[in-house]
There are 2 protein chains.
Amino acid sequence: MGVDCHHTESAQPGLEGAALASAVAAAETKCERTRERLTPPRRRVLELLLEADGPMKAYDLIAAYGQDGEPAKPPTVYRALEFLERLGFAHRIESLNAYVPCRMEGTSHRAAFLICECCGTAEEFEPDFAPQFAAAEAAGYAVRTVTLEARGLCPACKGGA
Amino acid sequence: MGVDCHHTESAQPGLEGAALASAVAAAETKCERTRERLTPPRRRVLELLLEADGPMKAYDLIAAYGQDGEPAKPPTVYRALEFLERLGFAHRIESLNAYVPCRMEGTSHRAAFLICECCGTAEEFEPDFAPQFAAAEAAGYAVRTVTLEARGLCPACKGGA
DNA sequence: AACCAATGCGTTATGAAATAACATAACCCG
DNA sequence: CGGGTTATGTTATTTCATAACGCATTGGTT
Ligand SMILES: [Zn+2]
Ligand SMILES: [Zn+2]
Ligand SMILES: [Zn+2]
Ligand SMILES: [Zn+2]
């Protein structure tokens with residue numbers, strides 16, 4: 001990923017087996033409570049995101065969609081991503097044109113990311129937007145959503161070369 | 001721009017005449033001081049950004065490039081934008097795939113934007129990243145750049161319908 | 001059960017955004 | 001001038017995302 005670094009992308013191992021099933025089941029439960037439907041394509045895309053070791057591009061998801069190797073059609077994946085973002089199960093990282101599953105517990109959080117320019121991992125964290133928010137409202141703005149993406153080096157890549 | 005709003009995009013009127021020339025001249029001066037070259041395509045793209053009433057898409061710039069109506073070739077504009085960003089004369093707004101001229105005085109600032117979802121304006125402001133920065137470094141990250149884009153309604157659009 | 005509106009899906013096609021690759025030209029410095 | 005470096009012109013391609021339309025499923029209503 002980085003120009004002068006050859007770490008493999010592994011800082012955020014994807015889920016497998018029971019952990020994966022459990023995460024999907026949790027999403028299912030959450031959907032039932034709000035009368036939303038975790039349909040097969042939505043579930044499949046969520047699985048792919050959860051299994052991945054890092055941010056996934058839309059066309060990576062499209063290529064990986066079919067268990068038999070058959071790709072999905074783009075709208076299938078983009079629609080699923082739209083749903084997953086709306087429900088808070090996934091986030092789009094604007095500066096990467098890529099998507100990650102939500103790693104935070106709380107239902108209502110504002111997503112923010114620490115993106116490693118070396119290994120490509122994107123760690124979600126809970127930011128404190130209070131200062132920005134206050135400044136914006138003082139200027140007369142009504143803020144609805146905030147995108148925060150910090151880029152740099154993760155601990156692993158910072159240490160070694 | 002917004003789904004239920006019909007304000008015209010005018011909150012950030014572009015520069016014209018003397019003001020435009022002055023802004024371009026200031027950029028030129030800054031370049032000379034650092035031995036960078038504000039070549040014709042770079043100057044032209046900067047002009048277009050400064051003249052615009054709001055964020056410009058790359059292909060808007062491409063279409064508007066030639067004074068005679070002739071569009072530019074994409075690499076011409078993308079290279080110019082890369083230069084302008086590097087020098088701090090312009091910023092890319094990730095969540096819009098669009099570009100704005102820098103509206104801040106200081107040479108070294110971290111750009112952040114308040115984006116109106118109604119009229120489309122993007123106001124640059126000087127954010128206070130200290131808390132996020134501290135949190136990230138505490139987690140072992142070496143942060144290099146931060147992208148912050150807040151979306152909501154500007155004062156004008158918030159007030160009226 | 002028959003109906004209907006709302007939502008989601010499959011499919012085809014197209015549009016929008018960005019870059020690769022390579023040849024040519026201008027610049028800078030000694 | 002010569003030679004390295006930086007910038008540009010040009011063609012083509014890749015990557016990312018959505019429009020449009022008809023069909024299927026769902027869930028409630030008569
Ligand atoms: Zn999240
Ligand atoms: Zn890393
Ligand atoms: Zn700026
Ligand atoms: Zn507005």
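Note on naming: letters A, B, ... go to the chains in the order of the sequence lines (proteins, then strands), and numbering restarts at 1 for each one.
- Residue contacts shown for A:Y99 are limited to sugar-phosphate atoms, with no base heavy atom under 4.0 Å away.
- In summary, the side chains of B:T147 and B:E94 do not present any donor paired with an acceptor at a separation below 3.5 Å, with no hydrogens or angles considered.
- Closest-nucleotide positions on DNA chain D for A:P75 and A:K57 were compared, and the one nearer the 5' end corresponds to A:K57.
- For C:dC9, the OP1/OP2 oxygens have no side-chain nitrogen or oxygen of A:T76 closer than 4.0 Å.
- The residue B:P40 sits apart from the nucleic acid: no heavy atom pair falls under 4.0 Å.
- Checked by atom type and distance alone, the side chain of B:Q12 never pairs as donor or acceptor with a backbone atom of B:G54 at under 3.5 Å.
- In the set C:dT19, C:dA18, D:dA7, C:dA18 carries the atom at the smallest distance from any side-chain atom of B:R92.
- Where B:E36 and B:K73 meet DNA chain D, the nucleotide closest to each residue was compared, and B:E36 sits on the side nearer the 5' end.
- In this structure, A:L38 places its CG atom 18 Å from P of C:dT7, rounding to the nearest Å.
- For B:E32 and C:dC28, the CD to C1' distance is 16 Å, given to the nearest whole Å.
- For C:dA26, the OP1/OP2 oxygens have no side-chain nitrogen or oxygen of B:T39 closer than 4.0 Å.
- One finds no salt bridge joining B:E82 and B:R79 here, because no Lys/Arg side-chain nitrogen approaches an Asp/Glu carboxylate oxygen to under 4.0 Å.
- Ring-plane geometry between B:F83 and B:F89 is classed as tilted, the angle between the planes lying from 30 to 60 degrees on a 0 to 90 degree scale.
- Going from atom CZ of A:F83 over to atom P of C:dC9 covers 9 Å, rounded to whole Å.
- Neither OP1 nor OP2 of D:dT18 sits under 4.0 Å from any side-chain N or O of A:Y78.
- In terms of polar N and O atoms assigned as donor or acceptor, the side chain of A:R37 never comes within less than 3.5 Å of the base of D:dG27 in a complementary pairing.
- Residue B:E137 places its CD atom among more than 12 non-hydrogen atoms of other residues, nucleotides or ligands, all under 6.0 Å distant.
- Heavy-atom distances to DNA chain C give each of B:A98 and A:Y59 a nearest nucleotide, and the one nearer the 5′ end belongs to A:Y59.
- Below the 3.5 angstrom threshold, one finds a donor paired with an acceptor across the side chain of B:R79 and the base of D:dG9.
- If you measure from atom CZ of A:R44 to atom P of C:dG10, you get 14 Å, rounded to the nearest angstrom.
- For A:P41, the side-chain atoms get nearest to C:dC9 when compared with the rest of C:dC9, C:dA17, D:dT18.
- The CD1-C1' distance, from B:I62 to D:dG9, rounds to 14 Å in whole Å.
- Rounded to an integer number of Å, the gap from B:N97 CG to C:dA18 C1' is 10 Å.
- A:R35 comes within contact range of no nucleotide atom at all, as no heavy-atom separation falls under 4.0 Å.
- Within the 4.0 angstrom heavy-atom criterion, only backbone atoms of the sugar-phosphate kind lie near A:R42; the bases stay farther away.
- Rounded to whole Å, atom P of C:dT19 lies 10 Å from atom CG of B:L81.
- Put simply, CG on B:L61 is 14 Å from C1' on C:dA16, counting in whole angstrom units.
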| request: For the pair B:Y99 and B:E85, evaluate side chain to side chain donor-acceptor pair (under 3.5 Å) and give the outcome as yes or no after the intermediate values. | output: CA-CA 9 Å; B:Y99 302 83; B:E85 281 197 79; 5.2 Å; no
